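Take a look at the structure below.
Quick caveat, the model's predicted, so the values are computed rather than measured.
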Amino acid sequence: QSFTSTDTQEVTGRQLLASLTETGLLNKTDAVTFWKSLSADEKTTDATNLSTKLVAAGKLTKYQAALVSAGQTEQLLFDDYIVLDRLGGGGMGEVFKAWHRRLDRVVALKVVRRDALKSAEAIERFQKEVRIAAQLLHPNIVVTYDARERDGQHFLVMEYVDGEDLGHLVQRHGPLSLSQSVDCIRQAAAGLAHAHSQGI
């Protein structure tokens with residue numbers, strides 16, 4: 001089915017679906033099925049309202065819908081990886097939850113800030129650290145799967161660990177008990193000790 005029309009409002013909705021299928025954020029079969037499920041009135045809605053309906057139908061995440069509506073679809077695509085959500089950020093860059101479309105695997109993408117790797121030496125040091133990190137296999141260290149570059153921007157592909165980070169946990173529930181604190185520190189120390197033993 002072709003997503004085209006002469007009606008201005010309908011074109012907006014159909015163009016959104018066409019854009020999503022062209023970029024790979026939505027496969028064509030899902031797009032056609034979703035479009036057929038809409039009522040005549042729903043089909044004449046604008047792109048923003050249609051994005052909301054796609055979120056409700058589980059076809060887009062809220063994060064994806066926000067960027068799609070803002071015309072920033074390219075920020076959701078990193079080679080074979082489709083960004084699902086933003087997990088956090090820090091001094092080196094931002095971390096996203098993403099999905100590998102061919103392997104059907106959820107991962108964490110750490111996108112390094114462009115200005116964090118200004119020189120060739122910094123890039124080489126970064127790549128060396130990534131190569132070493134990829135060899136670390138320990139229960140208390142996330143696995144590094146891959147490192148890539150997209151238009152001059154470097155990003156890491158890492159194991160996605162589902163759950164709540166320590167900072168948010170403490171914010172919601174207050175300080176940990178002594179035994180919980182000791183256990184967290186012990187686990188972190190075990191991971192650091194393994195990395196240190198490998199020369200990091």
Side-chain angles (χ1 to χ4, degrees), residues 25-26 48-49 51-70 72-101 103-117 125-126 129-148 150 153-200:
L25 287 171
L26 191 65
T48 301
N49 287 331
S51 293
T52 302
K53 293 183 185 303
L54 284 163
V55 171
K59 303 301 181 185
L60 289 181
T61 66
K62 289 183 179 179
Y63 182 78
Q64 289 175 325
L67 289 188
V68 167
S69 295
Q72 299 173 344
T73 307
E74 72 283 350
Q75 294 185 29
L76 296 171
L77 304 168
F78 288 83
D79 294 342
D80 293 320
Y81 300 94
I82 296 177
V83 171
L84 302 174
D85 201 1
R86 183 181 184 276
L87 299 176
M92 284 288 288
E94 294 183 292
V95 181
F96 301 92
K97 180 180 179 181
W99 173 67
H100 191 294
R101 58 180 122 196
L103 297 181
D104 192 21
R105 177 169 67 179
V106 175
V107 299
L109 290 187
K110 183 173 184 179
V111 181
V112 182
R113 286 197 345 263
R114 291 181 188 274
D115 61 351
L117 300 175
R125 186 169 61 250
F126 168 75
E129 290 175 358
V130 169
R131 286 194 294 272
I132 295 172
Q135 298 173 30
L136 296 178
L137 293 175
H138 190 274
N140 300 116
I141 300 176
V142 294
V143 179
T144 300
Y145 295 132
D146 197 5
R148 298 191 185 186
R150 184 196 70 167
Q153 188 166 41
H154 295 266
F155 63 96
L156 296 178
V157 184
M158 301 179 296
E159 173 189 9
Y160 171 72
V161 180
D162 194 12
E164 188 173 24
D165 65 68
L166 188 58
H168 285 103
L169 185 68
V170 171
Q171 282 180 354
R172 289 201 308 117
H173 300 291
L176 301 179
S177 69
L178 179 60
S179 62
Q180 288 175 317
S181 298
V182 169
D183 187 50
C184 288
I185 293 170
R186 180 193 60 76
Q187 292 184 60
L192 288 170
H194 177 71
H196 182 68
S197 71
Q198 303 300 308
I200 297 180

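- The ring pair (Phe, Tyr, Trp, His ring centres under 6.0 Å) search around F96 returns none, not counting sequence neighbours.
- The NE2 atom of H100 lies 8.0 Å from the CG atom of D146; values are rounded to the nearest 0.5 Å.
- A 4.5 Å side-chain heavy-atom check between M158 and Y145 finds every atom pair outside the cut-off.
- Distance check: T52 OG1 to L60 CG gives 10.0 Å after rounding to the nearest 0.5 Å.
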Quick one: side chains of residues 166-178, donor-acceptor pairs under 3.5 Å with protein atoms, not counting sequence neighbours, listed by atom name and distance.
residue, atom, partner, partner atom, Å
H168, ND1, D165, OD1, 3.1
H168, ND1, D165, OD2, 2.6
R172, NE, E164, OE2, 2.7
R172, NH2, E164, OE1, 2.9
S177, OG, S179, OG, 3.2
S177, OG, Q180, N, 3.2
S177, OG, Q180, OE1, 3.3

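- Taking both residues in full, the closest heavy atoms of L109 and F155 are given as CD2-CD1, 4.0 Å, listed atom of the first, atom of the second, then distance.
- Taking N49 as the reference, T45, D46 meet the side-chain hydrogen bond (donor to acceptor under 3.5 Å, both in side chains) condition, with sequence neighbours excluded.
- The side-chain heavy atoms of V107 and W99, taken from C-beta on, include no pair separated by under 4.5 Å.
- A pairwise comparison of heavy atoms in V55 and T61 identifies CG2-O, 3.7 Å as the closest pair.
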Could you pull out all donor-acceptor pairs under 3.5 Å where a side-chain atom in residues 75-90 meets a protein atom, sequence neighbours excluded?
residue, atom, partner, partner atom, Å
D80, OD2, R102, NH2, 2.9
R86, NE, E94, OE2, 2.7
R86, NH2, E94, OE2, 3.2

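- Residues T144 and V157 have side chains not in contact (no heavy-atom distance under 4.5 Å, counting atoms from C-beta outward).
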Can you give me every donor-acceptor pair (side chain of residues 133-141, partner residue at least two apart or in another chain, under 3.5 Å) with its distance?
residue, atom, partner, partner atom, Å
Q135, NE2, R131, O, 3.4
H138, ND1, N140, N, 3.0
N140, ND2, Q187, OE1, 3.3

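- Across every non-hydrogen atom of L25 and Q64, the tightest pair is CD2-NE2, 4.1 Å.
- Every ring pair (Phe, Tyr, Trp, His ring centres under 6.0 Å) that F126 has, sequence neighbours left out, goes to H154.
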